[in-house]
Amino acid sequence: MNLQTTMNFSYYPGCSLEGMNKAYDKSARAVCDALGINLAELNDWNCCGASAYISIRELRAHLLSARNLAIAEKEKKDLVVVCPSCLTTLTKTNHYMAENPKLRQTISKALKETELQYWGSVKVRHLLEVIVNEVGQNEIKARIKNSLKDLKVAPYYGCQLTRPFGEIDDKEFPTILDTLLTWVGAKPVNFPVKTKCCGGMLMMTNEDVALGLVRNLLECARENGAECIATICPLCHMNLEAYQDNVNKHFGTDYKIPILYFTQIIGLAFGFSRKTLGIEEELTPSKALFEKHLEVIR
Amino acid sequence: MTERFEPRIVGFLCKWCAYTGADLAGTSRMKYPPNINPIRVNCSGRVDPTLVLKAFASGADGVLIAGCHPGDCHYTNGNMKTIKRFKLLQHLLDEFGIEKERVRLEWVSASEGERYASVVRSMTEEIRNLGPLNWKRNMEVIA
Amino acid sequence: MTEKIGVYVCHCGTNIGRTVDCKSVAEYARGLPNVVVARDYQYTCSDPGQEMIKNDIRELGLTRVVVASCSPLMHEPTFRRTVASAGLNPFLFQMANIREQCSWITEDRGLGTERAKEIVAGAVTRVNFNEPLEVKKVPVNPDVLIVGGGITGIESALQIADSGKKVWLVEKEPSIGGFMSRFDKTFPTLDCAACILTPKMVSVGQHQNIELLTYSDVIGFEGYVGNFTAKIRRRARYVDEEKCTGCGQCEQKCPLSVPSEFECGLGKRKAIYRPFPQAVPGTPVIDKEHCLYFTKGVCKVCQKFCPRGAIDFEQKEKIMEIPVGTAIIATGFDVFDAERVKEYGYGRLPNVITSLEFERLTHASGPTAGKILLKNGKQPESIAIIHCVGSRDVNYNEYCSRVCCMYSLKTAHLVHEKTEGKVYEFYIDMRAFGKGYEEFYKRLLEEDVTFIRGRVAEVTDVAQNPSEKGKLIVVAEDTLLGIVRRIPVDLVILSVGLQPRKDAVDVAHIFSISRSKDGFFLEKHPKLAPVSTAADGIFIAGSCQGPKDIPDSVAQGGAAAANVLSLIDRKEVELEPTIAIIDENACSGCKICPELCPYHAISFDEGKSIAVLTAALCKGCGVCVAACPSGAIEQQNFTNRQLLAEVEAVSS
Amino acid sequence: MPEMLLDRSQQSVTDVFLEDVYSIPHGEKIKECIQCGTCSASCPTSYAMDYTPREVIASLRAGLLDRVLKSNTIWLCASCYYCTVRCPSGIKLTDIMYELKRLAVEFGYVQKSAKAAIVSKLFVDLVDKNGRIAEVPLVGKFFLKTNPFAALGMMPRAWKLFRRGRMPMIPNRIKGAEDLKIASENLEITGVHAGAKEEKT
């Protein structure tokens, strides 16, 4: 089945999708392809100026963001991001430049030196929201090849998809990912910590603190009977997945919960191979889980 | 050094909303440039174009008409008539070559002291940038 | 004739004098045409100040007076009386506002003075063209409309009716009583709400001077002070109030139960119901949305059992037009919707309830017969009370709801008394400002309630250790310790704030009154005219003006009644003569003005082919004046000549 | 017209802080703090902080900002924005934490061992050089700087990641990197700090 129209967006993968979180990029592209979402990677994009950067340099961070926005503005399309941290950073620059004329002038002047200008017209959007709002239920259901047979998923949103701006969904109890999971046949479990913090960058600098936070998430998922956790953020994904062993070691626990990008779960329902979706690159295996759950619909 | 241009603005304020809101700005000791001379009318609908032209012709650099928010008019819908009349007025001023920024129609409720203050602030600034109108002098020259 | 104008520039202490050089303004005024005397004075509104003006009128033969001082909203009536008592027509006086819109808005004395001079010039030039006007007096209709039958409206109604005046009391709900009828005990005295309210409700129901219109709304309100017409919609009850004795047979027999609004959905009511047993009037209403006869066309059990044949399925809503002279709006408040604060879990976590729900739980005639029970039927052993839910918060309502601290203390007392459980109160600031309130706080401290100074960040059921399992965990910083505490409890009570009613916008439109920034109705003056509005003859009282406790609501109800009675006893009121007049000879008969007038005050005389004004209907907006292409309409005291003179003077 | 810049190092750290904070949209809301503690209790890491987020503002008011800048508080902020969205006074506390981090670095309050500051600085250096960040050099340099032994502890996980193709060793360098670098350097020499207050009339 073909979508009647192709939707065109600029695409900002963000640094971490080039590295440890390639699988997110792969699965996102595969799913978008299937849904008729045409993602054109932003030409020569740079780091968004995220938290670690803005902690040292404020103006430069806005300049970094603004450069991406300026490049995107030339394309006259909405800018799709997948990393919530990039989403927040780019959106923040967008808002603050609009609200603070002084900042706007300063950044515009610096942009000019790189032969760019930014008028403030770019809409920054997260892929999750684009899939739910632009594609919609019918088109998604029409592409399902594998039943997920009520795979119990803990929908984990993390912090920066909805905070601070709350433009996509409720700031503390969003439901947009729950909805999407239902559409593809999975069963989102009650997950009251869905927007609690995973520790983010603290995993590198204050591991004890961050491990405790990850443990709370894993515990809540297990308590509520989740068979896996769906993520939308590369950093959350990293902390939950790559540090699950450390949590077990540190707290004497035995969590073995597969962590999957929401795009990987959709991809599985669409019948893509585990390789295409980068699932073979994961550290906590989910093969057994999906052998149990995947059933080809005829 | 040249002295800063202090524009002269005439404000027609309806007594139920805008005038009360302007009073509130004062009672709350909000600061805004003292460049506006308020004239109290019962309803913004009372302000006929002659009054506005008279202001410009007598030397005003700007005119503010302020009334109740649409739907909140004390006289049911006087302000809706103001809206219609304001469009004609803008057209007329255009004919006379008066910049459209020099006349404004704003809604200020009785509790919006801050809004009134910020309207006057921005209007004063805008007209200061435009410079003096000197319509009176210009008309005399033509005549 | 050349006018003789006197100008008085007021210092208002330092209020004007600090940023306006009043001496030089007076000096400047002295140089204006026709000004014969100009003085500056410390407090012009004082007795000696007024005397000075009167003397000048008598001795210098002033024909016009200008006072440059505060806003005309403050002292225009004062100075009009002053000049009138010296024999001058009050409309030959003109006020120049150099305080609210001049001295108070700037720190620049140079510019302030300059502006004051221009404002005075405007007033002086204008006053030359002021004309003596006759103030029209109209009789005041002694009947009073009161909107809202809560404790405030009840108080107003009884005060006025007891003085022998007729009151129309309109209430939206099937019974009067308002929020107070849903409360158990009242702070700080802990007397039972029903015990003190019910007698008043009964008095209202039986009072010969009170016409009680429940289950009704005001849908229109027109006219002017002393002579309004209220349009009221009486919704169909489907029960004849004349025939019904309130025996309650129908309620007993009705087969259909639905959640009761009065009980916050915690209890049930029938499809034919009275919200509560002591309802006034005792006549039930049929809830058309649920009634089996209306939804399915069968049943009529109530009709069968009614011994008086009072059930009338054919009843239609009625529109009434009632002439009144004054109105009191006492429409009250809504409670804040706790579901909006998602992190507190209301609606998601079963044992998180609102303070209003608590009132029903603890009420002897409530759904649990006064027992405080969890959703599983057990009694809570630990309880948290959270202050400021929806109040003092930029995300919801910025203002303090004023009553929550005290009712939270009451809640703590009751819950402790009934369950002997451990009670925690989380507060930001304890506001116990009323008579006997601080003492009540002390009493609760003695009762061993644990007070934690910190706003609750969240209520969660996600346990972090075994002691938290199965509990609601309340997370807050104990700000006096600088430590974040997680306190596991069984029951959480949210002290929800008060907010403007959802229909406050509509009510404001109907009565042409304003609302303040927070959405409550706006009083004429926050201190000196707290129950008056900008619209003469229309008063506000109780929580529709801002959150209030019962003592303050009753006091305002009484105050509004006194205002109304004072107006009625004057027997007639003066109308601002700022109405339009049409010059027959100048009218070209273009028929523009009759269309524009919102009050149908202008008709068209086909015979003479001119527009004719009915003065009594004109409210003086001046829209017709501005629209008349032949300049045939003038507005008294706002004539074109007056305004043009003022405009010219302030522009040049 | 060249902007007249006050030399930031000549001002007290509190003055610089306030000037910067007031320039953030709604930054002046910090004055309206009612010390309710919502921020502290919403913060996932406040239990490990020397001072709770509420105490940061209390310290500011007491003229004790320096003790906050020296503390671990600011470096434990994980940017979850819970405090920002829940604050009943509308204070953007997360932005304020960023500002405090910057000042701590600028005014030399950071202890040598403050790992979060080190990682942030490395992050900035790498981005400034390449325009993008690659995790391997970042993580690698970080552990070499802080604790080479911990790096050894990381090896098993690193090896797993590497085997799965998740550890690219060479950072991508964007084409505009050089331009960007010049522009951002100029930005800080000639540009006003975002903190420069908008002139009010």
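Within every chain, numbering begins at 1; the chains are lettered A, B, ... in the order of the sequence lines, protein sequences first and strands thereafter.
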Calculate, to the nearest 0.5 Å, the distance between atoms [atom1] and [atom2] belonging to [X] and [Y] respectively.
{"X": "Glu398(C)", "Y": "Ser89(D)", "atom1": "CD", "atom2": "OG", "value": "9.0 Å"}
{"X": "Glu343(C)", "Y": "Tyr82(D)", "atom1": "CD", "atom2": "OH", "value": "9.0 Å"}
{"X": "Ile34(D)", "Y": "Thr479(C)", "atom1": "CD1", "atom2": "OG1", "value": "10.5 Å"}

Per-residue contact mode, [X] against chain C (heavy atom under 4.5 angstrom):
{"X": "Cys87(D)", "answer": "backbone"}
{"X": "Ser46(D)", "answer": "side chain"}
{"X": "Gln35(D)", "answer": "both"}

Atom CD of Glu381(C): over 12 foreign heavy atoms under 6.0 Å: no
Return yes when atom NZ of Lys422(C) has more than 12 non-hydrogen atoms of other residues, nucleotides or ligands closer than 6.0 Å, and no otherwise. yes
By a 4.5 Å heavy-atom criterion (distance strictly below it), what part of Val484(C) contacts chain D: side chain, backbone, both, or neither? side chain
For Thr52(D) and Glu477(C), does a side-chain donor sit closer than 3.5 Å to a side-chain acceptor? yes
Looking only at atom types and distance, does a side-chain atom of Arg86(D) sit under 3.5 Å from a main-chain N or O of Ala457(C), one as donor and one as acceptor? yes
Non-hydrogen atoms of Arg392(C) and Pro88(D) that approach each other most closely: O-CB, 3.5 Å
